[in-house]
Structure formats: structure tokens, C-alpha cells
Amino acid sequence: MAHTPDTILSIAGLSKTYASGFSALRQVDLQIRRGEIFALLGPNGAGKTTLISIVCGIVNASTGTVRVDGHDIQADYRAARSLIGLVPQELTTEAFETVWATVSFSRGLFGKPANPAYLEKVLRDLSLWDKKDNAIRTLSGGMKRRLLIAKALSHEPRLLFLDEPTAGVDVTLRQEMWQLVRALRDTGVTIILTTHYIDEAEEMADRIGVINRGEIILVEDKAELMRKLGKKQLTLQLAQPLAAVPPALSGYGLALSATGTELTYTYDAQRDHSGIAQLLQALDAAGVAFRDLQTDQSSLEDIFVNLVRDREAA
Ligand SMILES: Nc1ncnc2c1ncn2[C@@H]1O[C@H](COP(=O)(O)OP(=O)(O)O)[C@@H](O)[C@H]1O
Ligand SMILES: [Mg+2]
């Protein structure tokens with residue numbers, strides 16, 4: 001796909017075979033849009049960190065090209081790398097450094113001129129300003145995570161990678177991280193986060209890419225994904241229990257609950273003709289009365305499990 005002004009990261013034909021012979025990425029093509037939050041969702045070992053590591057120049061690709069805002073990560077490495085901030089999966093910080101020294105040094109590594117006002121804003125936005133003179137070892141776990149973000153932002157990147165930002169983090173910290181990521185996006189930074197938590201992708205992302213065994217098996221707007229692949233269920237609470245689904249209704253694939261009091265109809269939410277109108281008429285004709293009904297849409301979790309299962313069956 002061609003590079004457009006709306007694309008900040010363009011990955012084409014990217015593969016990685018490690019020295020062990022293990023094929024961690026297979027022909028990955030991916031375009032990231034400027035200003036979006038993109039979640040790369042996949043189980044452990046799928047290749048998420050490998051992908052990020054290649055884009056950040058930590059791991060060499062076996063084949064393929066990566067462009068960051070038009071800059072090739074090999075031919076034009078410095079320009080490409082200066083546009084990227086990386087919050088790595090593993091927490092690594094120098095325990096005895098102060099917060100301020102850490103972010104100042106990190107900025108310097110990218111050859112950026114000093115800009116105390118910018119670094120102050122970053123630390124304030126991350127609620128770390130009053131800790132600026134503290135040694136890192138005195139910070140709480142949540143503060144250390146925020147410091148890694150501050151460090152990654154120190155050189156004013158346009159594209160921020162968060163590799164499993166909430167793995168092993170408690171619920172409160174998770175919520176805090178999600179708010180922070182949204183706030184960052186609102187400042188114009190494009191965000192790519194990797195996660196193996198489906199709810200995180202569902203909560204955060206504008207678009208979701210699913211990666212499994214080194215292959216991107218789907219990329220879709222989150223809302224579209226839910227609409228397209230989501231099945232809906234209509235559940236009817238019956239006025240009288242049934243012993244079995246009446247033969248006249250056999251064509252609808254209805255499921256009768258063990259108690260005989262609920263009938264469930266599963267349909268494709270994307271189709272124009274859900275078949276609900278006919279079903280209700282058929283119920284009426286068969287003399288089946290109901291006292292209430294509800295519909296449920298399947299979650300991304302169902303979708304994800306189905307996708308990965310379909311792949312494995314194939
Ligand atoms: N340096 C390496 N040498 C050989 N295999 C590796 C190396 N790094 C990662 N792998 C393998 O590549 C696969 C993808 O790893 P990774 O990219 O870390 O996945 P994820 O971040 O999605 O959990 C895993 O099976 C992992 O064991
Ligand atoms: Mg990883």
C-alpha cells in the first residue's frame with residue numbers, strides 16, 4: 001500500500017527468522033494512521049515484541065521494509081528513530097538516578113537540545129513533577145511505569161509504542177494507564193500498544209490488529225470489527241416452559257435452555273435480514289408465547305477466540 005500523509009508507520013512484507021531458525025514474523029503488512037490508538041492483540045509468543053523491536057531498530061528484520069513518517073528505518077535510521085518513543089515490556093531503570101536526570105539524559109541520547117519547559121510539561125502531565133528530584137528507587141510501581149513513559153516521551157516522539165503496558169498491573173493502575181494513554185493521544189501522539197488482554201484492546205483502541213503465530217490475521221476498526229464479526233443473540237423468556245423446540249421452528253437453529261423457559265436465537269448482526277420478524281411470526285403461529293426478550297452482542301473476546309480457533313482448525 002502506498003504511503004499517504006495519513007500514514008505515520010508503514011510496514012511491508014516484514015518477516016523475522018531468528019538465528020534459531022524460528023519464524024517469529026511472517027510477511028507482515030501494516031499501516032498505522034496518524035493520531036490513532038492501535039492495539040496489536042495476540043497471545044504470548046505471537047510476535048508482538050519482535051515487531052516493535054524491529055521498528056525501533058533493536059532487532060534486524062529478515063525481509064521487508066519499515067517507514068516511519070516516510071523515513072526508512074535502515075537507510076534513514078536516525079530520522080526514523082527520533083520519531084519513535086518506546087516503553088518496553090520489561091521495566092528497566094537506574095535505581096539511583098533521579099527522575100529529572102533520567103528524562104534529561106534520555107532526551108540527550110537523541111541529540112535533542114535541552115528543553116526544560118517541555119520536560120517539565122511531560123512530568124507534570126504524568127503527575128511526576130513533585131518527584132523530579134527523587135531517586136527512582138523511592139518511587140512506587142505506578143510512578144516507575146509513568147517514568148518509563150516520561151523517558152520515552154523525552155525526545156518528543158510522534159509515535160509511541162507501549163509494549164504490554166498493563167501486564168501484571170493491578171486494576172487501579174490499569175485504569176490509570178488507560179486514562180494516560182488517551183490523554184497522550186489527545187496531545188497528537190500516535191499510539192501503538194500491544195496486549196494479550198482482549199478487554200484492553202476493546203477499551204482503548206480505535207483499530208485492532210490481531211496477530212497469531214507471527215501473522216497478522218486481521219486489522220479492523222474496533223467498532224467495525226464488533227459489527228462485522230459480532231453475532232447477536234435474541235433470548236426469549238417463555239410464558240410456559242417447553243419440553244422441546246416445536247418442529248415448526250426447527251429451521252431457526254434455536255437453543256432451548258435446560259429449564260425449558262428460554263429460547264435463544266443467534267443471528268448475524270451484519271445482515272440486513274436478521275430473520276427476527278419471521279421468527280416472531282413463526283412463534284406466534286406455533287402458539288409459543290413469551291413474556292420478555294433481550295438481545296446480547298458478543299464481545300471481542302468471543303470474536304478473538306473464534307478467530308484463533310478457526311485458524312487452528314484450518
Ligand atoms: N532472540 C530470539 N531467538 C529465538 N526466538 C525468539 C527470540 N526472541 C523471541 N523469540 C521467539 O519468537 C516468538 C515471538 O516472541 P515475541 O515477539 O516476544 O512475542 P510476544 O511479544 O507476542 O509475546 C516466541 O516464540 C519467542 O520465543
Ligand atoms: Mg512481548
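Just so you know, ligand 1 is whichever comes first in the structure, and atom 1 is the first atom listed for that ligand.
- Within the 3.5 Å criterion, the main-chain N or O of Arg26 finds no donor-acceptor partner in the side chain of Ser15.
- Which parts of ligand 1 touch Ala46 is read off a 4.0 Å heavy-atom cut-off, strictly below it: atoms 19 (O), 20 (P), 22 (O).
- The distance criterion of under 3.5 Å between nitrogen or oxygen atoms is not met by Asn44 with respect to ligand 1.
- Nearest protein heavy-atom contact of atom 19 (O) of ligand 1 is Gly47 N, 3.2 Å.
- At a 3.5 angstrom cut-off on N or O pairs, Thr50 counts as close to ligand 1.
- Between Arg182 and Glu203, at least one side-chain N (NZ, or NE/NH1/NH2) sits under 4.0 Å from a carboxylate O, which counts as a salt bridge.
- Taking the six-membered ring where the residue is Trp, Phe110 and His155 present parallel rings, their angle staying beneath 30° rather than reaching 60°.
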Could you walk me through whether Ile32 and Glu36 pass the side chain to side chain contact (heavy atoms under 4.5 Å, CB included) check?
CA-CA 8 Å; Ile32 302 299; Glu36 73 176 340; 3.5 Å; yes

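- Annotation: atom 9 (C) of ligand 1 to nearest protein heavy atom, Tyr18 CE1, 3.4 Å.
- Each of the atoms 12 (O) of ligand 1 lies under 4.0 Å from some heavy atom of Ala24.
- Regarding atom 18 (O) of ligand 1, its nearest protein heavy-atom neighbour is Thr49 CB, 3.6 Å.
- The Mg ion (ligand 2) lies at the vertex of an angle of 80° between the OE1 atom of Gln89 and the OG1 atom of Thr49 (rounded to 10°).
- The Mg ion (ligand 2) lies at 2.8 Å or more from every N, O or S atom belonging to Thr194.
- Between Arg124 and Asp130 there is no salt bridge, since none of the side-chain N atoms of the basic residue sits less than 4.0 Å from a carboxylate O of the acidic one.
- In this structure, Ser20 counts as a contact residue of ligand 1, since one of its heavy atoms falls inside 4.0 Å of the ligand.
- Between the side chains of Glu200 and Thr195, a donor-acceptor pair is found at a separation under 3.5 Å.
- For atom 12 (O) of ligand 1, the closest non-hydrogen atom of the protein is Phe22 CE2, 3.4 Å.
- A donor-acceptor pair is defined here as one N or O able to donate and one able to accept, closer than 3.5 Å; no such pair exists between the side chain of Thr235 and the backbone of Thr264.
- Of the protein's heavy atoms, Gly45 N, 2.7 Å lies nearest to atom 23 (O) of ligand 1.
- Distance remark: protein heavy atom not present below 4.0 angstrom from atom 26 (C) of ligand 1.
- Side chains of Thr49 and Asp163: a donor on one and an acceptor on the other come within 3.5 Å.
- Cation-pi geometry between Arg174 and Tyr197 is satisfied (NZ or CZ under 6.0 Å from the ring centre, within 45° of the ring normal).
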